[in-house]
Amino acid sequence: MEALNCRRWRFTSQMLLAFSLTLVFAFCPTGAYDPLDPNGNITIKWDVISWTPDGYVAVVTMNNFQQYRHIQAPGWTLGWTWAKKEVIWSMVGAQTTQQGDCSRYKGNIPHCCMKTPTVVDLLPGTPYNQQIANCCKGGVIASWAQDPVNAVGAFQVSVGSAGTSNTTVRLPKNFTLKAPGPGYTCGPAKKVKSSLFLSVDGRRFTQALMTWNVTCTYSQFLAQKTPTCCVSLSSFYNDTIVPCPVCTCGCQNNITQPGTCVEPKAQLLKTPGINTPTKNFAPLIQCTPHMCPVRIHWHVKLNYKAYWRVKVTVTNFNYRMNYSQWNIVAQHPNFDNITQLFSFNYKPLTPYGTINDTAMLWGVKYYNDMLMQAGPDGNVQSEILFQKDMRTFTFKQGWAFPRRIYFNGDDCVLPPPDAYPWLPNWSTSLQIEKAFIFVVSLLVSASLLAFL
Ligand SMILES: *[C@@H]1O[C@H](CO)[C@@H](O)[C@H](O)[C@H]1NC(C)=O
Ligand SMILES: *[C@@H]1O[C@H](CO)[C@@H](O)[C@H](O)[C@H]1NC(C)=O
Ligand SMILES: *[C@@H]1O[C@H](CO)[C@@H](O)[C@H](O)[C@H]1NC(C)=O
Ligand SMILES: *[C@@H]1O[C@H](CO)[C@@H](O)[C@H](O)[C@H]1NC(C)=O
Ligand SMILES: *[C@@H]1O[C@H](CO)[C@@H](O)[C@H](O)[C@H]1NC(C)=O
Ligand SMILES: *[C@@H]1O[C@H](CO)[C@@H](O)[C@H](O)[C@H]1NC(C)=O
Ligand SMILES: *[C@@H]1O[C@H](CO)[C@@H](O)[C@H](O)[C@H]1NC(C)=O
Ligand SMILES: *[C@@H]1O[C@H](CO)[C@@H](O)[C@H](O)[C@H]1NC(C)=O
Ligand SMILES: *[C@@H]1O[C@H](CO)[C@@H](O)[C@H](O)[C@H]1NC(C)=O
Ligand SMILES: *[C@@H]1O[C@H](CO)[C@@H](O)[C@H](O)[C@H]1NC(C)=O
């Protein structure tokens, strides 16, 4: 009884925590703090590698230190405001989207004369003489946990009409990072210790003449007004499938917003090119009561003596999106005893050192690392086998369901805890049965002992 009470208390304290976190989120909507990745950021580093007669040449490197938030196609866009009248003479590995008004230049025309240039990455397949290391990936940057080698992007910029020494150069201001939509907020550029560069043959280090860093952090609330994913639940011990809450990501309303969603059989979907992503990345969503582009289903599938098994299915309801390098992050107290995982990659995330209850899961390369657009192929699935920790394990009170799930770094909406599938009432009689067997076996062993 003691243990049971304690369990109950634990669950409610978890619910309290979740509730208070929700409150925190609700009341500081621009806060960029992510409890599962508290140090996540994208750092933009400018290294001045040489001074020129009228400015400098810099290598700009973007490191994605976020564990599970990547930048997928069509990639990043980086902007800033020049402090004075700087121009960009040339770029390697990236380009500005507009040249701007360069009419005051005769002869040698700069690459870009805008006060606020906007830079995009070049596409893969760019000729080698126009590349530098880590450039030319179409603006795609992997997340740190998933693929640290590719969690970086870079380009080189030659700046004119700028300061020509570390005392006269003025740092650019007002950095904006789009990925490709909103969500990131960048701090001011700060001078830091000059970084070292290893030569191509790996035998010599050179040092940047000057380095400054800009740190950008993500906030889901800046990125989009409504959630982008939801969670549904089911279990072997109860026939009820608890669906995503209605209208999680918007409401299906034919009258006020006709055409906000499409039925899977609609004629519209047969139109050629209907899947092509639009300029503003507006989704084309299959009509569902929740209206989310992505749903994650957590099914408690089997119960063994010492193990239990969960099936996780991720479904795409957006006809205009293939999610490349998708990932989910799930929080459940049993992740410290994950025993086997089928057809997904796994990495434990331990932002608070000892608490090992958060897992990052993502697809296997060339097998299911792409979550295809809505339709028959628009899902990926896996099964997870957990070893029971007998001190905490229970099917009661929704313990077997996740505490939190993210898809591509965005928090997915869970059903309210009171809607979770219940253990049927026969479980109490089962417990009585168990107790009975226990008493019987005790009696048997006692009599055996007495006999001996
Ligand atoms: C950015 O992330 C790195 C790596 O997690 C961390 O060391 C650094 O402190 C972060 N910077 C800021 C300003 O949060
Ligand atoms: C500047 O950014 C680089 C990564 O781009 C990072 O390694 C370095 O620690 C940062 N420096 C400071 C002082 O934050
Ligand atoms: C400029 O560079 C020189 C030599 O590298 C260094 O001694 C000096 O402190 C630097 N000044 C500033 C303002 O960074
Ligand atoms: C930077 O942005 C802020 C707010 O958007 C604006 O007030 C400021 O004038 C901008 N600075 C420059 C140099 O553009
Ligand atoms: C929405 O409108 C279309 C045609 O205008 C109709 O076929 C469809 O049944 C409507 N859907 C709902 C949920 O009302
Ligand atoms: C998704 O990928 C498939 C196969 O590569 C392609 O046919 C389809 O057009 C893509 N859809 C989108 C929305 O990019
Ligand atoms: C977390 O638990 C998993 C599964 O038991 C284990 O593989 C991993 O090493 C643990 N990580 C830490 C940091 O304890
Ligand atoms: C579960 O994991 C924890 C921490 O990794 C460990 O102390 C414990 O013995 C494990 N329990 C089982 C049943 O393996
Ligand atoms: C299954 O769970 C639901 C709550 O989601 C509950 O209403 C229902 O009574 C449960 N079914 C059984 C057989 O216990
Ligand atoms: C199970 O028990 C609860 C309370 O003990 C009761 O409210 C509920 O109706 C019962 N469910 C079924 C399916 O008998």
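Both counts, for ligands and for their atoms, begin at 1 and track the order of listing.
Only the side chain of Gln373 comes within 4.0 Å of ligand 6, counting heavy atoms alone; its backbone N, CA, C and O stay farther away. If you look at Met370 next to ligand 6, there are no close heavy atoms at all, none under 4.0 Å.
Salt-bridge check for Asp411 with Arg404: passed, with a basic side-chain N closer than 4.0 Å to an acidic carboxylate O. Ion pairing of Arg403 with Asp357 is absent here, as no side-chain N (NZ or NE/NH1/NH2) approaches a carboxylate O to less than 4.0 Å.
Atom numbering of ligand 9 starts at 1 in the shown order; those under 4.0 Å from a heavy atom of Tyr420 are 4 (C), 5 (O). Under a 4.0 Å criterion applied to the non-hydrogen atoms of Thr240, ligand 9 contributes the atoms 1 (C), 2 (O), 3 (C). Which parts of ligand 9 touch Ala419 is read off a 4.0 Å heavy-atom cut-off, strictly below it: atoms 4 (C), 5 (O). Taking every heavy atom of Asn41 and a limit of under 4.0 angstrom, the matching atoms of ligand 1 come to 1 (C), 2 (O), 3 (C), 8 (C), 10 (C), 11 (N), 12 (C), 14 (O). Close contacts between ligand 6 and Arg320 involve ligand atoms 13 (C) [criterion: under 4.0 Å to a heavy atom]. Within ligand 1, counting atoms from 1 as listed, the ones closer than 4.0 Å to a heavy atom of Thr215 are 12 (C), 13 (C). Of all atoms in ligand 6, listed by their number and element, those nearer than 4.0 Å to a heavy atom of Met372 are 2 (O), 3 (C), 4 (C). Per-residue contacts place Asn39 under 4.0 angstrom from the following atoms of ligand 1 (heavy atoms of the residue considered): 1 (C), 2 (O), 5 (O). With ligand atoms numbered from 1 in the order given, ligand 9 contributes 1 (C), 2 (O), 3 (C), 8 (C), 10 (C), 11 (N), 12 (C), 14 (O) to contacts under 4.0 Å with heavy atoms of Asn238. For ligand 6, the atoms lying closer than 4.0 Å to a non-hydrogen atom of Asn275 are 13 (C). Using a 4.0 Å cut-off to heavy atoms of Pro421, the atoms of ligand 9 that qualify are 2 (O), 5 (O). The Met321 neighbourhood of ligand 6 comprises atoms 13 (C), with distances under 4.0 Å to a heavy atom of that residue.
Of the two cysteines examined, Cys261 and Cys287, the SG atoms meet the criterion of being under 2.5 Å apart. When the SG-SG distance for Cys230 and Cys292 is compared with the 2.5 Å cut-off, it comes out at or above that value.
Between Phe175 and Tyr184, the distance from one ring center to the other does not fall under 6.0 angstrom. Aromatic ring centres of Phe205 and Phe197 lie farther apart than the 6.0 Å criterion allows. Phe401 and His332 have their aromatic ring centers separated by at least 6.0 angstrom.
Both the sub-6.0 Å distance and the 45° axial angle are satisfied by Lys388 relative to the ring of Phe393.
When distances from atom 5 (O) of ligand 1 to the protein are checked, a heavy atom turns up under 4.0 Å. Shown here, atom 9 (O) of ligand 1 is out of close reach of the protein: none of its heavy atoms lies under 4.0 Å off.
Contact of the Gln373 side chain with the Arg320 side chain is not registered, since no non-hydrogen atoms from C-beta on lie closer than 4.5 Å.
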### Task
Could you check Tyr218 against Asp410 for side chain to side chain donor-acceptor pair (under 3.5 Å), going step by step and ending with a plain yes or no?
CA-CA 10 Å; Tyr218 181 81; Asp410 282 338; 3.2 Å; yes
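The shortest contact between atom 12 (C) of ligand 6 and any protein heavy atom is with Asn322 ND2, 3.3 Å.
With Trp298 contributing its side chain and Ala400 its backbone, the two residues share a donor-acceptor pair below 3.5 Å.
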